[in-house]
Peer 1: 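A single structure is presented below for examination.
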Amino acid sequence: MCSEHERLPREAYLLDTAEVARRLLGCRLVREIAGHRIAGIIVETEAYLGREDLGCHAARSRSERVEAMYGPPGHAYIYFIYGVHHCLNAVTQPVGEPQAVLIRALAPTEGVEVQRDNRRNPRTGVLPSELAVANGPAKLCQALGIDLRLYGTDLVAGNELWIEQEPALPSESIAVGPRVGIAYAGEWAAKPLRFWITGHPCVSRGG
DNA sequence: TATACGATCACCT
DNA sequence: GGTGATCGTATAC
């Protein structure tokens with residue numbers, strides 16, 4: 001049928017986490033609020049590989065904050081950071097294996113004006129451009145109204161926040177590099193675990 | 001109990 | 001390129 005609205009199936013979240021990060025590129029992140037769809041195409045992701053990955057929150061002691069990463073695949077791990085921002089991850093791997101993919105940037109496709117308004121500068125009232133409305137992990141959460149109330153949400157079977165599949169991108173369309181903002185993570189900081197659509201204008205930096 | 005700091009962003013120079 | 005915002009959590013005392 002119309003594959004446009006098919007969810008990415010749960011099995012897809014059981015691939016190697018770096019493979020999930022690549023598979024999510026080009027897929028559609030959808031938020032539904034009061035029956036209204038707002039959405040964008042995922043253009044940038046990062047893989048976080050569990051307890052051994054010093055850049056991964058699960059490398060520290062298991063706590064309430066990271067519990068969702070230990071849960072079933074295809075659910076949302078959301079964290080609050082810098083006292084200001086929220087970031088969204090899709091949990092990968094079976095229960096008990098705490099890995100996830102950070103969604104870092106979207107190209108907005110539905111409800112673009114709602115997204116721009118959600119990101120209105122509270123001091124100046126200025127709206128971001130369409131290209132810049134969700135070109136960062138905290139920006140996309142603000143644009144789509146994602147916060148800790150959605151912690152643990154099922155991205156496969158839920159009705160508030162989910163991911164719809166699109167055809168997998170050819171590897172030549174995917175660029176790879178080190179993850180952002182984890183300089184403290186030793187040798188893990190340099191590993192090629194950040195993925196983005198080559199040349200896409202909505203990538204958070206240096207696309 | 002106390003303290004340091006973060007998977008970021010916006011604003012400044 | 002540098003820094004402040006702003007608070008939950010981890011780690012130390």
Side-chain angles (χ1 to χ4, degrees), chain A residues 13 17-18 20-22 24-25 29 40 42-71 75-93 97-106 108 115-152 155 161 163 175-196 201-207:
Chain A
Y13 296 93
T17 299
V20 181
R22 300 173 75 103
L24 286 173
L25 293 176
L29 180 66
I42 296 168
V43 301
E44 180 183 353
T45 59
E46 285 178 358
Y48 286 87
L49 303 187
R51 296 185 193 85
E52 296 187 353
D53 177 359
L54 297 181
C56 181
H57 292 160
R60 303 178 182 237
S61 58
R62 182 168 179 168
S63 70
E64 194 70 21
R65 181 199 194 205
V66 299
E67 196 57 33
M69 262 200 288
Y70 287 85
H75 288 244
Y77 163 54
I78 299 168
Y79 62 88
F80 181 59
I81 193 70
Y82 296 115
V84 194
H85 301 300
H86 297 275
C87 296
L88 170 69
N89 297 253
V91 174
T92 65
Q93 306 307 306
E97 185 58 43
Q99 303 192 25
V101 173
L102 173 68
I103 312 297
R104 284 194 57 91
L106 303 179
Q115 295 187 45
R116 293 182 71 211
D117 195 60
N118 286 343
R119 289 248 301 122
R120 179 185 297 274
N121 186 308
R123 291 198 317 169
T124 65
V126 172
L127 297 177
S129 71
E130 180 168 340
L131 288 179
V133 78
N135 64 342
K139 294 178 185 178
L140 74 87
C141 284
Q142 187 178 357
L144 267 57
I146 296 167
D147 60 27
L148 290 176
R149 287 173 296 184
L150 291 170
Y151 188 92
L155 298 171
L161 179 67
I163 295 173
V176 183
R179 295 173 292 180
V180 174
I182 56 162
Y184 60 84
E187 64 180 6
W188 284 90
K191 291 185 184 292
L193 294 173
R194 174 178 176 235
F195 306 93
W196 65 95
C202 294
V203 168
S204 66
R205 53 174 91 171

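Just so we're clear, the structure is a prediction, and the values are computed from it rather than from any experiment. Just so it is clear: chains get the letters A, B, ... in the order the sequence lines come, proteins before strands, and each one is counted from 1.
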Peer 1: I want to confirm an ordering. Mapping A:R123 and A:Y184 to their closest nucleotides on DNA chain B, which one lands closer to the 5' end?
Peer 2: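 Looking at the nearest nucleotide for each, A:Y184 comes out on the 5' side.
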Peer 1: What's the spacing between A:C202 SG and A:L131 CG if we round to 0.5 Å?
Peer 2: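 One finds 4.5 Å between SG of A:C202 and CG of A:L131.
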Peer 1: Taking CG from A:D147 and C1' from B:dT8, how many angstroms apart are they, rounded to a whole number?
Peer 2: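 After rounding, the gap between these two atoms is 16 Å.
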Peer 1: Using atom types as modelled and distance alone, determine if a side-chain donor or acceptor of A:Y151 lies under 3.5 Å from a backbone N or O of A:R65.
Peer 2: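 Yes; at least one donor-acceptor contact below 3.5 Å.
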Peer 1: Looking at CD of A:Q93 and CG of A:L49, how far apart are the two atoms once the value is rounded to the nearest 0.5 Å?
Peer 2: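 A:Q93 CD to A:L49 CG: 8.5 Å, rounded to 0.5 Å.
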Peer 1: Please determine whether a side-chain nitrogen or oxygen atom of A:R104 lies at a distance below 4.0 Å from atom OP1 or OP2 of B:dT8.
Peer 2: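 True: A:R104 side-chain N/O within range (under 4.0 Å) of B:dT8 OP1/OP2.
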Peer 1: Figure out the CG/P separation between A:L102 and B:dT8, and round it to whole Å.
Peer 2: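 Roughly 8 Å, once rounded to whole Å.
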Peer 1: Parallel, tilted or perpendicular, judged at 30° and 60°: which one describes the rings of A:Y79 and A:Y77?
Peer 2: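 Geometry flag for A:Y77 against A:Y79: tilted rings.
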Peer 1: Of the nucleotides B:dC11, B:dA7, B:dT8, which has the atom closest to the A:A138 side chain?
Peer 2: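 From the listed options, B:dT8 comes nearest.
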Peer 1: Expressed in angstrom and rounded to an integer, what is the separation of A:H57 atom NE2 from B:dC5 atom P?
Peer 2: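 Going from NE2 in A:H57 over to P in B:dC5 covers 16 Å.
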Peer 1: Strictly under 4.0 angstrom, non-hydrogen atoms only: write out the protein contact profile of nucleotides 4-13 of chain C, one letter per nucleotide from the 5' end, B, S or -.
Peer 2: -BBB-SSS--
Peer 1: Out of curiosity, A:R22 CZ to A:W196 CH2, how far, rounded to the nearest 0.5 Å?
Peer 2: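 Nearest 0.5 Å value for the CZ-CH2 distance: 11.0 Å.
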Peer 1: Of all heavy-atom pairs between A:P98 and A:C56, which one has the smallest distance, and what is that distance?
Peer 2: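 Nearest heavy atoms, A:P98 then A:C56: O-SG, 4.1 Å.
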Peer 1: Across the strands shown, which category fits A:I182 at heavy-atom distances under 4.0 angstrom: base, sugar-phosphate, nothing?
Peer 2: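 Result for A:I182 = sugar-phosphate.
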Peer 1: Starting at atom CG of A:L54, determine the distance to atom P of B:dG6, rounded to an integer number of angstrom.
Peer 2: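 Taking atom P of B:dG6 as the reference, CG of A:L54 is at 14 Å.
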Peer 1: With distance as the sole test, does A:R194 use its side chain to make a donor-acceptor pair with the main-chain N or O of A:E46 at under 3.5 Å?
Peer 2: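 No.
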Peer 1: With heavy atoms under 4.0 Å as the rule, sort A:G55 into base, sugar-phosphate or nothing.
Peer 2: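 Base: the residue A:G55, judged by heavy atoms under 4.0 Å, touches a nucleobase.
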Peer 1: Taking CD1 from A:I78 and C1' from B:dG6, how many angstroms apart are they, rounded to a whole number?
Peer 2: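 Interatomic distance, CD1 of A:I78 to C1' of B:dG6: 18 Å.
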Peer 1: Rounded off to whole Å, could you give me the CD1-to-P distance for the A:I103 and B:dT8 pair?
Peer 2: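 In whole Å, B:dT8 P lies 14 Å from A:I103 CD1.
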Peer 1: What integer distance in Å separates A:Q142:CD from B:dC9:C1'?
Peer 2: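 Those two atoms, CD and C1', are 9 Å apart.
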Peer 1: Keeping the roles fixed (side chain from A:R119, backbone from A:V133), state whether a donor-acceptor pair exists under 3.5 Å.
Peer 2: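 Confirmed, A:R119 side chain pairs with A:V133 backbone.
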Peer 1: For A:K139 and B:dC11, what is the distance between atoms NZ and P respectively, to the nearest whole Å?
Peer 2: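 Rounding to the nearest Å, NZ of A:K139 and P of B:dC11 are 11 Å apart.
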Peer 1: With rounding to whole Å, what would you report as the distance between C:dG4 and B:dA4 at their C1' atoms?
Peer 2: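 Going atom to atom, C1' in each nucleotide, I get 16 Å.
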Peer 1: Does A:R116 pair with A:E130 as a salt bridge, N-O distance under 4.0 Å?
Peer 2: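 No.
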Peer 1: Pair A:L102, A:Y48 - check side chain to side chain contact (heavy atoms under 4.5 Å, CB included), show working.
Peer 2: CA-CA 8 Å; A:L102 173 68; A:Y48 286 87; 3.9 Å; yes
Peer 1: Go through B:dC9, B:dC11, B:dA7 for me and flag the one nearest to the A:N121 side chain.
Peer 2: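 Closest nucleotide to the A:N121 side chain: B:dC11.
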Peer 1: Distance between the C1' atoms of B:dC5 and C:dT3, in whole angstroms?
Peer 2: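 Going atom to atom, C1' in each nucleotide, I get 15 Å.
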Peer 1: Which stems does DNA chain B form, counting runs of 3 or more consecutive Watson-Crick or G-U wobble pairs with both distances under 3.5 Å?
Peer 2: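 Stem list for DNA chain B: B:1-6 with C:7-12, B:8-12 with C:1-5.
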